[in-house]
Amino acid sequence: MEDALVALLPEAYPQFQGGSLTLIPFGEGLIHQTYLVRQGGKQWILQGFNETVFTYPQRIEHNLALLSDRVRLRPLPFTLPLPLSNVQGKGLSLLQGKKYRLFEFVEGKTLQGISSLPQAKLAAQAYGTFASWAQELPVEAFQETIPNFHRLDLRFARLQEVASTSSKLSKEVEGLLHLYLEQAPLVTWYTDQLPILPQRVTHNDTKINNLIFSSDLNRVEAVVDLDTLMGGYLLYDLGDLVRTVACSLPETSTQWQDVRAIPEVVQTLILGYWEGLSGAISPQETASLPYAGEVMTLIMGLRFLTDYLEGNVYYRVTYEDQNLHRAKNQMALLQSLQSQREHFQHTIQKLTPGVR
Ligand code: GN1
Ligand code: MG
């Protein structure tokens with residue numbers, strides 16, 4: 001199948017004329033299928049577009065066009081790689097009945113986790129800078145690429161619904177489900193925030209591996225994975241960073257007893273994000289930040305457990321219980337974050353005396 005792709009690429013993209021192409025699977029994404037394409041000394045990123053997850057590719061195209069207009073007017077200190085146009089001037093190419101996109105390859109390093117606090121600071125500053133820059137975008141003009149993507153209340157309701165129709169659950173699954181359903185107070189906190197937080201354009205998938213660092217890890221070269229860029233809240237972006245950067249072990253780890261939130265890292269992320277925002281944040285948004293990691297960790301846990309109960313229809317899995325294991329991992333992280341909530345509230349209070 002990859003051989004057939006290699007043969008079709010030069011017809012779609014003029015840059016591939018002459019010379020043999022190689023395709024190498026690339027990255028750790030769970031949704032799209034990503035390859036590194038090599039020809040001569042040059043490299044590109046080719047992405048098999050997941051149409052089951054992203055059912056509105058034209059909305060992505062619409063949002064990215066708004067984004068690219070703005071970047072041209074007001075550049076950022078890092079790049080936002082956008083799909084390259086094919087021979088028909090389109091960002092999406094139909095090859096072997098499947099949609100693909102091509103991107104320039106950004107030289108640098110992708111991290112799955114940090115090895116020092118300055119890396120956490122850089123990551124958070126980059127996403128904070130992005131959020132501050134994006135404040136000038138007209139949020140109402142952006143379309144929802146996945147409707148209700150980070151609606152915690154709806155994700156919670158969906159798990160309840162799926163669980164109620166699942167046939168007999170094992171003791172292990174029952175126990176975990178119970179822990180998730182006990183999170184109703186956090187869901188209520190979230191729904192209370194909806195009328196008071198301003199909607200703004202957020203990235204919505206701010207995992208550390210969606211940043212490309214320079215090879216010396218001293219700066220962020222690019223922010224990638226822009227498909228979920230749409231209206232959202234600041235807490236989504238800080239939250240997914242906390243979830244993926246401040247955890248003692250990755251999302252895939254099955255050492256639940258060792259999964260916890262590292263307070264110095266959470267603190268560094270909050271400070272870095274705050275710095276990147278450079279004042280572009282309201283008092284209500286500020287007060288929401290200590291909950292950011294909890295909200296995003298709960299959302300992912302709910303989604304993993306729901307997907308497990310539905311038979312792994314959404315996330316790519318390498319073994320049957322992987323989504324159950326991811327949900328256990330996220331619950332351990334959530335509990336650790338919750339046991340430290342006051343500590344994070346204190347971090348915010350020190351930044352902004354007077355804001356509660
Ligand atoms: C998915 O494909 P990837 O890894 O960039 C998911 C995110 C989750 C993440 C969990 C569109 O992102 O929301 O945080 O997996 N993206 C979509 O690792 O569902
Ligand atoms: Mg990704």
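These numbers come from a predicted model, not from an experiment. All ligand and atom numbering here is 1-based and tracks the order in the structure.
- For the residues Tyr314, Phe304, Phe54, Tyr315, the heavy atom positioned nearest atom 17 (C) of ligand 1 is part of Tyr314.
- For atom 4 (O) of ligand 1, the choice among Lys207, Arg326, Gln330 with the nearest heavy atom turns out to be Lys207.
- Counting atoms of ligand 1 from 1 in the listed order, those under 4.0 Å from a heavy atom of Arg303 are 13 (O), 17 (C), 19 (O).
- At a 4.0 Å heavy-atom cut-off, ligand 1 touches Asp205 through the side chain alone.
- The aromatic rings of Tyr291 and Trp189 sit parallel, their planes meeting at an angle under 30°, below the 60° perpendicular limit.
- Comparing heavy-atom distances from atom 18 (O) of ligand 1 across Glu251, Met300, Met296 singles out Glu251 as nearest.
- Against a heavy-atom cut-off of under 4.0 Å, Asp225 is close to the following atoms of ligand 1: 5 (O).
- Residue Ile146 places a heavy atom under 4.0 Å from ligand 1.
- Thr34 has its side chain within reach of Ile45: a pair of non-hydrogen atoms, C-beta onward, lies under 4.5 Å apart.
- Between Leu30 and ligand 1, an N or O atom pair is found at a separation short of 3.5 Å.
- Between the side chains of Gln125 and Thr129, no donor-acceptor pair is found at a separation under 3.5 Å.
- Side-chain atoms of Asn312 and Asn323 include a donor-acceptor pair closer than 3.5 Å.
- Heavy-atom separations between His32 and ligand 1 are all 4.0 Å or longer.
- A donor-acceptor pair shorter than 3.5 Å cannot be found between the side chains of His346 and Glu342.
- Interface of Arg243 with ligand 1, defined as ligand atoms under 4.0 Å from a residue heavy atom, comprises 10 (C), 14 (O).
- Aromatic ring orientation, Tyr319 versus His325: tilted (interplanar angle from 30° to 60°).
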Test side-chain hydrogen bond (donor to acceptor under 3.5 Å, both in side chains) on Ser288 and Gln284 and set out the steps. CA-CA 6 Å; Ser288 75; Gln284 289 82 2; over 6 Å; no

